[in-house]
Amino acid sequence: MSSVSTLSGLVDSAPTAGVNNSTTTATQLNDRFLKLLVAQMSNQDPLNPLDNAQVTSQMAQINTVTGINGLNETVHKLLDQFSRLESLQAAQLTGRSVLVDGSSMTLPATGTAVGGVQLDLPADTVTVEIRDGAGQVVRELQLGKQDSGVTRFEWDGRTATGETAAAGTYTFSVTAKTGSTSVTATPLASRRVDGVRTVNGTVQLVLAGGGAVAYSDIKQIL
């Protein structure tokens, strides 16, 4: 094998990703390359000397590899710091309520039930239908004209007949229109945050009543 091909093999075998899993660091690789280059220059065959152009090219490549590994290490550190910051921010939500994807709402013995809707586009009319455990509509709420994004609403517990609904869990659906054109409307449930955990590097909020959602899936903090 020629001197230049040996150097080339060293560069090609250099790790360029997964810094933490690499058995050869960028510094070690650079040292090996320089030592091999000096040794080969000292013992080169006068009749078959090193090709300056190829050696220069290989040196440029090893510098690129070193730079990539350094960049990867920096990115890993930044991601780790971001994850820690996100965990601290999420911990402050413990005991508070948030809006997340869902179509259930809880009516307390006293007070109001809270829900939300996320609109992809502005809508002229937004209608919420609230159903009991049997699937019967107990109340219809007209939210009127709404902009795109997240809208929060409350239900005072009154039924369509003016009676007070029993405390408990209800479900709701949302329809939205602009003129005669339907607008995509996603129902959002209000859930209390009981705790925070990290799973595979992802910060999750543990919700009251069971289940968990990613911190990034929160639509609104109440």
Side-chain angles (χ1 to χ4, degrees), residues 79 82-83 85-87 89-222:
L79 290 175
F82 178 77
S83 180
L85 177 61
E86 194 174 57
S87 296
Q89 292 176 333
Q92 297 178 15
L93 296 179
T94 302
R96 299 189 62 176
S97 294
V98 296
L99 289 180
V100 295
D101 287 348
S103 58
S104 65
M105 61 194 317
T106 302
L107 180 65
T110 58
T112 61
V114 178
V117 56
Q118 184 173 23
L119 301 176
D120 284 0
L121 298 170
D124 294 334
T125 60
V126 179
T127 304
V128 178
E129 288 187 341
I130 302 173
R131 293 178 170 79
D132 59 19
Q136 299 297 315
V137 177
V138 297
R139 181 70 184 276
E140 184 179 280
L141 303 177
Q142 297 293 337
L143 304 186
K145 187 175 184 179
Q146 299 291 336
D147 292 330
S148 60
V150 175
T151 298
R152 168 188 169 181
F153 66 86
E154 295 184 3
W155 175 40
D156 59 8
R158 295 291 181 182
T159 66
T161 59
E163 299 177 349
T164 300
T169 301
Y170 293 78
T171 60
F172 67 95
S173 59
V174 183
T175 56
K177 290 185 176 181
T178 295
S180 59
T181 303
S182 296
V183 174
T184 300
T186 303
L188 304 175
S190 173
R191 302 286 300 276
R192 191 183 76 246
V193 179
D194 274 357
V196 177
R197 68 187 186 190
T198 301
V199 179
N200 296 326
T202 300
V203 178
Q204 295 184 346
L205 302 179
V206 180
L207 305 177
V213 296
Y215 179 67
S216 58
D217 288 339
I218 296 175
K219 306 302 181 180
Q220 190 177 88
I221 301 172
L222 303 178

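These figures come from a predicted structure and were not determined experimentally. What you see below is based on every heavy atom in this structure, not just the backbone, and it leaves out hydrogens, waters and symmetry mates.
- Considering all non-hydrogen atoms of both residues, Val126 and Ala123 come closest at CG2-CB, 4.0 Å.
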Full working for side chain to side chain contact (heavy atoms under 4.5 Å, CB included) between Leu93 and Tyr215 | CA-CA 10 Å; Leu93 296 179; Tyr215 179 67; 3.8 Å; yes
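- Every residue meeting the side-chain hydrogen bond (donor to acceptor under 3.5 Å, both in side chains) condition with Arg139, not counting sequence neighbours, appears here in chain and number order: Asp156.
- For Arg197, the salt bridge (charged side-chain N to carboxylate O under 4.0 Å, His left out) criterion is met by no residue, not counting sequence neighbours.
- By the side-chain hydrogen bond (donor to acceptor under 3.5 Å, both in side chains) test, Gln142 pairs with Thr127, Glu140, sequence neighbours left out.
- Distance check: Asp101 CG to Asp217 CG gives 7.0 Å after rounding to the nearest 0.5 Å.
- Closest approach of Ala214 and Thr202 over heavy atoms only: CB-CG2, 4.2 Å.
- Here the shortest heavy-atom pairing between Leu119 and Val117 reads CD2-CG2, 3.9 Å.
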Evaluation steps, side chain to side chain contact (heavy atoms under 4.5 Å, CB included), between Thr164 and Arg158 = CA-CA 5 Å; Thr164 300; Arg158 295 291 181 182; 3.0 Å; yes
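- Looking at every heavy atom in both residues, Trp155 comes nearest to Ala165 through CH2-CB, 3.8 Å.
- Taking both residues in full, the closest heavy atoms of Ala212 and Val206 are given as CB-CA, 4.2 Å, listed atom of the first, atom of the second, then distance.
- Remark: Gln204 CD to Thr198 OG1 distance equals 8.5 Å, nearest 0.5 Å.
- Put simply, OG1 on Thr169 and CE on Met105 are 10.5 Å apart, with the number rounded to the nearest 0.5 Å.
- To the nearest 0.5 Å, atoms OG (Ser190) and CD (Gln220) are separated by 10.0 Å.
- Residues Val193 and Arg96 fail the side-chain proximity criterion, which asks for heavy atoms closer than 4.5 Å.
- Nearest heavy-atom pair across Leu107 and Ala166 is CD2-O, 3.6 Å.
- Shown are Leu143, Leu188, Val114; of these, the side-chain contact (heavy atoms from CB on, under 4.5 Å) with Arg152 is made only by Val114.
- In this structure, Leu205 CG and Ile218 CD1 are separated by 4.0 Å, a value rounded to the nearest 0.5 Å.
- Of the inter-residue distances, the one linking Arg191 atom CZ with Leu222 atom CG reads 12.5 Å to the nearest 0.5 angstrom.
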